[in-house]
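All values below come from the heavy atoms of this structure, side chains included, with hydrogens, waters and symmetry mates left out. FYI, the numbering just counts along the sequence from 1.
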Amino acid sequence: IRDSEARLRLMADSLPVLISYVDRNQCYQFNNDAYETWFDMPKSEFAGRHVRDVLGEEAYAVLAGNIAAALSGKQLSFDSAIPYKGAGTRIIHIDYVPHRDNAGAVLGFYALIRDITERKRSQLLMEMMKFSMDHMADKVTWVTSDAKVVYANIAACESLGYTMEEMMKLSIPDFDPDFPAEVWPKHWEELRKYGSHTFESRHRTKTGEIYPVEVSVNYMRFGDEEYNCGFARDITKRKQAESLIRQSEEKYRLLFDNMTTGFALNEVICDDRGKVVDYRFLEINPAYKKITGLKSDIIGKTVLEVLPG
């Protein structure tokens, strides 16, 4: 029996978790070596001490209800953030297992406690990253090397008119008419080669509406899988603005080229004191060339270069 107890103690002391036994009076009767590291006190000082004295008032206040439940005979398994006295706040996973006598009366409980702070922080970080990706204004999609969609954020689904479940059944050619199945392999090889790329394309909604987008894609490798992480932005308004600018420029050019008055657009050139010393020809209209006899080759030259006298 003694050999068996010694082996169990050795096993308990070698595990990187807290293992203890608490009696019905909420006093420690056994603690493994990990308690020394957590609470920076000899293991011998835990025996017989009330849980409150070891954990501190704040930590005990958090756990008091669970301890009472364990001593009432309930087996518990839960996560909690515990502000330990002298050990700081840790996020832990706790298992309380009641110990009963032959008559069924609860004599105490066994406690197994694991520090999951880093795991929880990593999990929270992943959840935050997914939340931010889900709620980005840009349309985000993750696709595999064969163009299958494996993720789409809310904006992507709403802009295309599909549900998340429907998006997971699509491939890029289903909603991008500029990337039919036959050109995808070439695109994928270029993305794999260069790592990232930004270009303009078009997206087609579930109802057939087509609108222009600017797409930035990034090659990602996770484990053995390859992905195309794409960010798409609706550029309908930008395209409309560009069209208006082009129309305005065309009207200006038509007026500029057909006006009978000679016109020259010049850049003013000043010396270090701000005094005007010359002009550079930027543009001249046909009437100006006809009146002055100058030609288009003066563009970019200064007045003194063209007319040195």
Side-chain angles (χ1 to χ4, degrees), residues 136-141 155-156 158-161 172-173 175-205 207-219 228-309:
M136 285 184 67
D138 287 345
K139 294 79 174 166
V140 183
T141 54
E158 291 181 347
S159 65
L160 294 171
I172 292 295
F175 59 86
D176 192 324
D178 295 336
F179 278 89
E182 58 269 21
V183 305
W184 179 258
K186 180 180 178 182
H187 164 75
W188 183 260
E189 288 305 316
E190 290 179 350
L191 179 61
R192 179 189 284 166
K193 179 179 179 180
Y194 297 109
S196 62
H197 185 39
T198 298
F199 55 91
E200 291 186 5
S201 187
R202 296 175 299 159
H203 279 177
R204 181 175 52 236
T205 68
T207 58
E209 178 186 356
I210 295 178
Y211 61 92
V213 292
E214 182 181 78
V215 183
S216 294
V217 293
N218 300 273
Y219 174 78
N228 173 334
C229 177
F231 298 82
R233 180 171 297 176
D234 187 337
I235 56 173
T236 300
K237 291 183 178 180
R238 190 177 85 187
K239 286 294 184 181
Q240 291 172 344
E242 290 174 351
S243 177
L244 291 175
I245 292 173
R246 282 195 302 272
Q247 292 175 24
S248 178
E249 289 176 343
E250 290 170 359
K251 290 178 181 178
Y252 161 76
R253 174 57 60 186
L254 186 63
L255 174 63
F256 186 76
D257 289 344
N258 290 279
M259 62 191 303
T260 57
T261 302
F263 186 90
L265 179 65
N266 297 320
E267 175 190 359
V268 178
I269 301 174
C270 300
D271 60 18
D272 294 339
R273 293 174 294 177
K275 181 181 177 180
V276 177
V277 295
D278 204 350
Y279 300 89
R280 188 183 309 280
F281 289 103
L282 299 179
E283 198 165 3
I284 58 174
N285 71 344
Y288 187 89
K289 289 186 283 186
K290 182 177 181 181
I291 294 170
T292 64
L294 298 174
K295 298 181 179 180
S296 297
D297 60 0
I298 69 172
I299 301 301
K301 297 179 180 178
T302 66
V303 172
L304 291 178
E305 289 172 337
V306 176
L307 304 170

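A salt bridge does not link Arg246 with Glu250: every distance from a Lys NZ or Arg NE/NH1/NH2 to an Asp or Glu carboxylate oxygen is 4.0 Å or more. Salt-bridge check for Asp271 with Lys275: failed, with every basic side-chain N at 4.0 Å or more from each acidic carboxylate O. Under the 4.0 Å criterion applied to side-chain N and carboxylate O atoms, Arg192 and Glu189 are assigned as salt-bridge partners.
Within the 4.5 Å cutoff, side-chain heavy atoms of Glu200 are placed close to those of Lys239. Contact annotation: the side chain of Val215 never approaches that of Phe179 to less than 4.5 Å [non-hydrogen atoms, C-beta and beyond]. Side-chain contact between His203 and Lys139: absent, with no pair of heavy atoms (C-beta onward) separated by less than 4.5 Å. Residues Val268 and Tyr279 have side chains in contact (heavy-atom distance under 4.5 Å, counting atoms from C-beta outward).
Annotation: Arg204, atom CZ; neighbour count of heavy atoms from other residues, nucleotides and ligands within 6.0 Å is above 12. Counting non-hydrogen atoms of other residues, nucleotides and ligands closer than 6.0 Å to OH of Tyr219 gives a total above 12.
With Leu304 as the partner, the side chain to side chain contact (heavy atoms under 4.5 Å, CB included) test is satisfied by one option alone out of Val306, Thr302, Leu307: Thr302.
In this structure, CD1 on Ile291 lies 12.5 Å from CZ on Phe263, to the nearest 0.5 angstrom. Here Thr198 contributes atom OG1 and Glu214 contributes atom CD; the two are 6.5 Å apart, rounded to the nearest 0.5 Å. Interatomic distance, Thr205 OG1 to Glu158 CD, rounded to the nearest 0.5 Å: 13.5 Å. Note that CD of Glu242 and CD1 of Ile245 are 7.0 Å apart. Values are rounded to the nearest 0.5 Å. With values rounded to the nearest 0.5 angstrom, Glu209 atom CD is found 10.5 Å from Leu160 atom CG. The OG atom of Ser159 lies 9.0 Å from the CZ atom of Phe175; values are rounded to the nearest 0.5 Å.
When every heavy atom of Ala155 is checked against every heavy atom of Met136, the shortest pair comes out as CB-O, 3.6 Å. The heavy-atom pair separating Pro173 from Ala181 by the smallest distance is CG-N, 3.7 Å. In terms of heavy-atom proximity, Ala287 sits nearest to Thr260 at CB-O, 3.5 Å. Across all non-hydrogen atoms, the minimal contact from Lys289 to Ile284 is CG-CD1, 3.3 Å. Nearest heavy-atom pair, Ile269 versus Arg280, reported as atom, atom and distance to 0.1 Å: CD1-NH2, 3.7 Å.
At distances below 3.5 Å, not a single donor-acceptor pair connects side-chain atoms of Asp176 with backbone N or O atoms of Ile172. With Asn285 contributing its side chain and Thr261 its backbone, the two residues share a donor-acceptor pair below 3.5 Å. The closest donor-acceptor contact from the side chain of Asp138 to the backbone of Arg233 lies at 3.5 Å or more, if one exists at all.
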Checking Gln240 against Thr236 for the side-chain hydrogen bond (donor to acceptor under 3.5 Å, both in side chains) test, could you report, in this order, the C-alpha distance in whole Å, the side-chain angles of both residues, the deciding distance, and whether it holds? CA-CA 6 Å; Gln240 291 172 344; Thr236 300; over 6 Å; no
